[in-house]
Student: 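The structure under discussion is supplied below as structure tokens; questions concerning it will follow.
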Amino acid sequence: MSQNKIDFGIMLNGPGGHMHAWKSKDVPSDASTNFEFQLDVAKKAEQAGFSFVFVADGLFIHEKSIPHFLDRHEPLTFLAALAPVTQRIGLVGTISTSYSEPFTVARQLATIDKISHGRAGWNIVTSPLAGSADNYSKGNHPEHDIRYDIAEEHLQVVQGLWDSYEDDAFTFDVETGSYLDKEKMHTLDYKGQYFQVKGPLNASRSKQGQPVIFQAGASPKGQAYAAQYADAVFTLGESLDTAKSNYDSIKSQAKKFGRDPQNIKVYPILSPVIGKSNDEVEARFDEIKSLATIDEALDYLGRYYDHHDFSQYDLDAPFPDLGEVGQNSFRATADSIAARAKQNNLTLRDVALEETARRSPFTGTYEEVANLIIEWFEHGAADGFIFGPHINGPVYDEFLNYVLPILEEKGYYDKAYQGDTLRDHIGIPFKENRYSRTEVTH
């Protein structure tokens, strides 16, 4: 995708972003594990020229979790299944650095990258929910900032292992009997505080060098991590001002780390509510809001605070002061909710219902939303967007059929792929091998 074109990815999150999207008549109730439905979503995105599909994940559930989180595909297995039945679109999956082994992660992603001919990406998460620790044998859930220290080492190991072989290490020379140039095989021998990994990895490099690194940390520690290591960053899309602030912060920090800011792409979440007219738009938003009861909305809100029980508070009193609750979970989101509640004098009821079906700034007619997307792009708030509608039904088809053509007509979108790899699609360079003796050009 050209630097002056808007870039899109799509979340493959089953029925949609709303906690009760599964209730909608517009999607299968089992959409979270309905492979045919999700393949159809992915193929439509590919036909429309989207750069990637993105699969989120979590490692802890209980009876009050988002219903379609109770039964969903493991991301890498899912992407491996998608790889041979798609041709161009990137395949990005979520893996926790807190609860995975770098050597295994490196092999899994390298395999998907080879199967897909250079279309793999890794969304790095540190696992905010403390209950995740109960499903693994690693002791207590690490504190927020320590999780990022672990993530830093984890990524260093994985990327080091991905460079185990230089690009032309495998010769396959039958006449000489040389399968490999052994001088181009490298042992990592990593020794850190959290990981000790020797290597090498039994996986050669891919068409794009290494999988693309995605990250969504919004806390100061998470944002610094993204600025230093990520190729692409997901941000909150609450407003143009917030998005631009996040964009500028990430780009400026990347520059301080010695990186070219153009080589780190920023994608706010895009959850549009669209229609032919404003009356239709409002009717659709009312339908979305009606999907959850207040009790269900309280459960949804509690997830951001490590499943804190909000039913104990007065619904119509000001949003409660929770102190340190949520600080070791979704810290940035918890802080944002508290700040917005205080600024707007919101009650607990207001906050819970608002969080369950947040009114996106991208709410309006097709033309209005297209123009707003252009405005965010032109004002330096986004390089592209990650499309994650409340309900993955008609809004998806209408976005592809009515909003994208407006962007194309105005010269801001091109559905023709500019290359073969995910790096090509989002406009970042081939990842050179650290051991290469000569400069690699692609």
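When a residue number appears, it is its place in the shown sequence, counting from 1.
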Student: Does a side-chain N-to-carboxylate-O contact under 4.0 Å join Lys289 and Asp286?
Tutor: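 Salt bridge between Lys289 and Asp286, a charged N being under 4.0 Å from a carboxylate O: yes.
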Student: Enter the distance from Phe399:CZ to Phe387:CZ here, rounded to the nearest 0.5 Å.
Tutor: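 Reported value, rounded in 0.5 Å steps: 5.5 Å.
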Student: Using a strict 4.0 Å threshold on nitrogen-to-oxygen distance, state whether Lys265 and Asp231 make a salt bridge.
Tutor: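 Between Asp231 and Lys265 there is no salt bridge, as every charged N stays at least 4.0 Å from the carboxylate O atoms.
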Student: Checking Glu398 against Tyr366: is there a side-chain donor and acceptor pair closer than 3.5 Å?
Tutor: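 Short answer, yes.
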Student: Can you check side chain to side chain donor-acceptor pair (under 3.5 Å) on Asn34 and Asp30, steps first, answer last?
Tutor: CA-CA 6 Å; Asn34 186 320; Asp30 67 346; 3.2 Å; yes
Student: Below 4.0 angstrom, N of the basic side chain to O of the carboxylate: do Lys221 and Asp145 qualify?
Tutor: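 No, no charged N to carboxylate O under 4.0 Å.
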Student: Taking atom CZ as the centre, does Arg259 end up with more than 12 heavy-atom neighbours from other residues, nucleotides or ligands that are less than 6.0 angstrom away?
Tutor: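 Atom CZ in Arg259 is packed in, count exceeds 12.
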Student: Of Ser98, Ser127, Ser100, Pro128, which meets side chain to side chain contact (heavy atoms under 4.5 Å, CB included) against Leu59?
Tutor: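 For Leu59, the side chain to side chain contact (heavy atoms under 4.5 Å, CB included) test succeeds with only one of Ser98, Ser127, Ser100, Pro128, which is Ser127.
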Student: Is the shortest heavy-atom distance from the side chain of Leu301 to the side chain of His308 under 4.5 Å?
Tutor: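 Of all side-chain heavy-atom pairs linking His308 with Leu301, none is under 4.5 Å.
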Student: Do His73 and Val55 have side chains that approach each other closer than 4.5 Å (heavy atoms only, starting at C-beta)?
Tutor: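 Sidechains of Val55 and His73: no contact.
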Student: For His390, check ring-ring contact (aromatic ring centres under 6.0 Å, His included) against everything at least two apart and list the hits.
Tutor: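 Applying ring-ring contact (aromatic ring centres under 6.0 Å, His included) to His390 gives none.
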Student: Taking Asp113 first and then Arg205, would you say they form a salt bridge - that is, a charged N and a carboxylate O separated by under 4.0 Å?
Tutor: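 Salt bridge absent between Asp113 and Arg205.
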Student: Out of the candidates Phe385, Phe52, Tyr247, only one should pair with Tyr267 under the ring-ring contact (aromatic ring centres under 6.0 Å, His included) rule; please name it.
Tutor: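 So the option named by the test is Phe52.
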Student: So, Phe170 versus Tyr165, ring centres under 6.0 angstrom or not?
Tutor: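 Yes, they do, as the ring centres are separated by less than 6.0 Å.
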Student: So, do Arg147 and Asp149 sit near enough that their side-chain heavy atoms are less than 4.5 Å apart?
Tutor: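 Heavy-atom side-chain distance check fails, nothing below 4.5 Å.
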Student: Do the ring planes of His144 and Tyr148 sit parallel (below 30°), tilted (30 to 60°) or perpendicular (above 60°)?
Tutor: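 If you compare the ring of His144 with that of Tyr148, the planes turn out tilted.
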Student: Under 4.5 Å between any side-chain heavy atoms of Pro268 and Leu236, yes or no?
Tutor: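 Answer no - side chains too far apart.
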Student: Among Leu348, Thr293, Val351, which one satisfies side chain to side chain contact (heavy atoms under 4.5 Å, CB included) with Leu298?
Tutor: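 Per the side chain to side chain contact (heavy atoms under 4.5 Å, CB included) rule, the option paired with Leu298 is Leu348, out of Leu348, Thr293, Val351.
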Student: Taking all atoms of both residues into account, what is the closest heavy-atom pair of Pro429 and Arg423, and its distance?
Tutor: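 Closest heavy-atom pair between Pro429 and Arg423: O-NH1, 3.1 Å.
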Student: Check this for me: does any side-chain nitrogen of one of Lys138 and Glu101 sit under 4.0 Å from a carboxylate oxygen of the other?
Tutor: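 Looking at Glu101 together with Lys138, the answer is yes, because their closest N to O distance falls below 4.0 Å.
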Student: Please lay out, stage by stage, how Asn123 and Gln215 fare under the test side chain to side chain donor-acceptor pair (under 3.5 Å).
Tutor: CA-CA 5 Å; Asn123 176 47; Gln215 216 270 328; over 6 Å; no
Student: Please name the residue in the list Val53, Val27, Asn392 that meets the side chain to side chain contact (heavy atoms under 4.5 Å, CB included) test with Val41.
Tutor: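 Testing Val41 for a side chain to side chain contact (heavy atoms under 4.5 Å, CB included) against Val53, Val27, Asn392 leaves exactly one candidate, Asn392.
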Student: Please report, to 0.1 Å, the donor-acceptor pairs under 3.5 Å made by any side chain of residues 13-22, with sequence neighbours excluded.
Tutor:
residue : atom : partner : partner atom : Å
His18   : ND1  : His20   : N            : 2.9
His18   : NE2  : Ile288  : O            : 3.4
His20   : ND1  : Trp22   : NE1          : 2.9
His20   : NE2  : Glu296  : OE1          : 3.2
His20   : NE2  : Glu296  : OE2          : 3.2

Student: Which of these passes ring-ring contact (aromatic ring centres under 6.0 Å, His included) with Phe54: Phe8, Trp122, Phe214, Phe234?
Tutor: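 For Phe54, the ring-ring contact (aromatic ring centres under 6.0 Å, His included) check succeeds only for Phe234.
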Student: Return yes if some donor-acceptor pair links the side-chain N/O of Ser271 with the main-chain N/O of Gly388 below 3.5 Å, else return no.
Tutor: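 Yes: the side chain of Ser271 pairs with the backbone of Gly388.
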Student: Evaluate Tyr136 against His141 for side chain to side chain donor-acceptor pair (under 3.5 Å), listing each step before the verdict.
Tutor: CA-CA 10 Å; Tyr136 293 84; His141 188 58; over 6 Å; no
Student: Check the pair Thr97 / Val105 against side chain to side chain contact (heavy atoms under 4.5 Å, CB included), numbers first and verdict last.
Tutor: CA-CA 9 Å; Thr97 52; Val105 169; over 6 Å; no
Student: Would you say Ile150 and Pro142 make side-chain contact, with heavy atoms under 4.5 Å?
Tutor: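 Ile150 reaches Pro142 side chain to side chain.
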Student: Stepwise, does the ring-ring contact (aromatic ring centres under 6.0 Å, His included) test hold for Tyr417 with His425?
Tutor: CA-CA 6 Å; Tyr417 287 104; His425 301 343; 4.6 Å; yes
Student: Any side-chain to backbone donor/acceptor pair from Gln38 onto Glu36? Under 3.5 Å, distance only.
Tutor: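 Here the side-chain-to-backbone pair does not exist.
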Student: Could you report the tightest heavy-atom contact between Glu153 and Phe195, atom names first, then the distance?
Tutor: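 Closest approach of Glu153 to Phe195, heavy atoms only: OE1-N, 3.2 Å.
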Student: May I have the step-by-step check of side chain to side chain donor-acceptor pair (under 3.5 Å) for Ser360 and Thr363, ending in yes or no?
Tutor: CA-CA 6 Å; Ser360 166; Thr363 299; 4.6 Å; no
Student: In residues 369-379, what donor-acceptor pairs under 3.5 Å come from side-chain atoms, sequence neighbours left out?
Tutor:
residue : atom : partner : partner atom : Å
Asn371  : ND2  : Glu367  : O            : 3.3
Glu378  : OE2  : Tyr412  : OH           : 2.4
His379  : ND1  : Glu375  : O            : 2.9

Student: Let me confirm one number: the OG-CD1 distance from Ser116 to Ile89, rounded to the nearest 0.5 Å.
Tutor: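 Ser116 atom OG to Ile89 atom CD1 measures 12.0 Å (nearest 0.5 Å).
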Student: Taking atom NZ of Lys114 and atom CG of Leu109, what is their separation to the nearest 0.5 Å?
Tutor: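 The distance works out to 14.0 Å.
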Student: Going by an N to O cut-off under 4.0 Å, is there a salt bridge joining Lys5 and Asp414?
Tutor: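 No, Lys5 and Asp414 are not salt-bridged.
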Student: In terms of relative ring orientation, are Tyr305 and Phe319 parallel, tilted or perpendicular, with 30° and 60° separating the classes?
Tutor: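 Tilted.
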Student: Would you please test Ile264 and Ile250 for side chain to side chain contact (heavy atoms under 4.5 Å, CB included) and show each step?
Tutor: CA-CA 8 Å; Ile264 179 169; Ile250 290 164; 3.6 Å; yes
Student: If the condition is side-chain hydrogen bond (donor to acceptor under 3.5 Å, both in side chains), which residues does Gln253 pass it with, not counting sequence neighbours?
Tutor: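 Expected list: Gln223, Ser249.
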Student: Determine, stepwise, if the pair Glu238 / Arg340 fulfils salt bridge (Lys or Arg N to Asp or Glu O under 4.0 Å).
Tutor: CA-CA 11 Å; Glu238 296 177 348; Arg340 190 170 61 256; 3.4 Å; yes
Student: Mind running salt bridge (Lys or Arg N to Asp or Glu O under 4.0 Å) on Asp383 and Lys251 for me, showing each step along the way?
Tutor: CA-CA 11 Å; Asp383 295 307; Lys251 298 280 186 170; 3.1 Å; yes
Student: Checking Arg72 against Phe69: charged group under 6.0 Å from the ring centre and within 45 degrees of the axis?
Tutor: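 Geometry flag: set, cation within 6.0 Å and 45°.
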Student: List the atom pairs, donor and acceptor, that lie under 3.5 Å between side-chain atoms in residues 74-86 and the rest of the protein, sequence neighbours left out.
Tutor:
residue : atom : partner : partner atom : Å
Glu74   : OE1  : Leu76   : N            : 3.2
Glu74   : OE1  : Thr77   : N            : 2.7
Glu74   : OE1  : Thr77   : OG1          : 2.5
Glu74   : OE2  : Leu76   : N            : 3.0
Thr86   : OG1  : Leu82   : O            : 2.9
Thr86   : OG1  : Arg119  : NH1          : 2.9

Student: Return the set of residues passing salt bridge (charged side-chain N to carboxylate O under 4.0 Å, His left out) with Glu282 (not counting sequence neighbours), or none when no residue passes.
Tutor: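 Glu282 satisfies salt bridge (charged side-chain N to carboxylate O under 4.0 Å, His left out) with Arg359 only.
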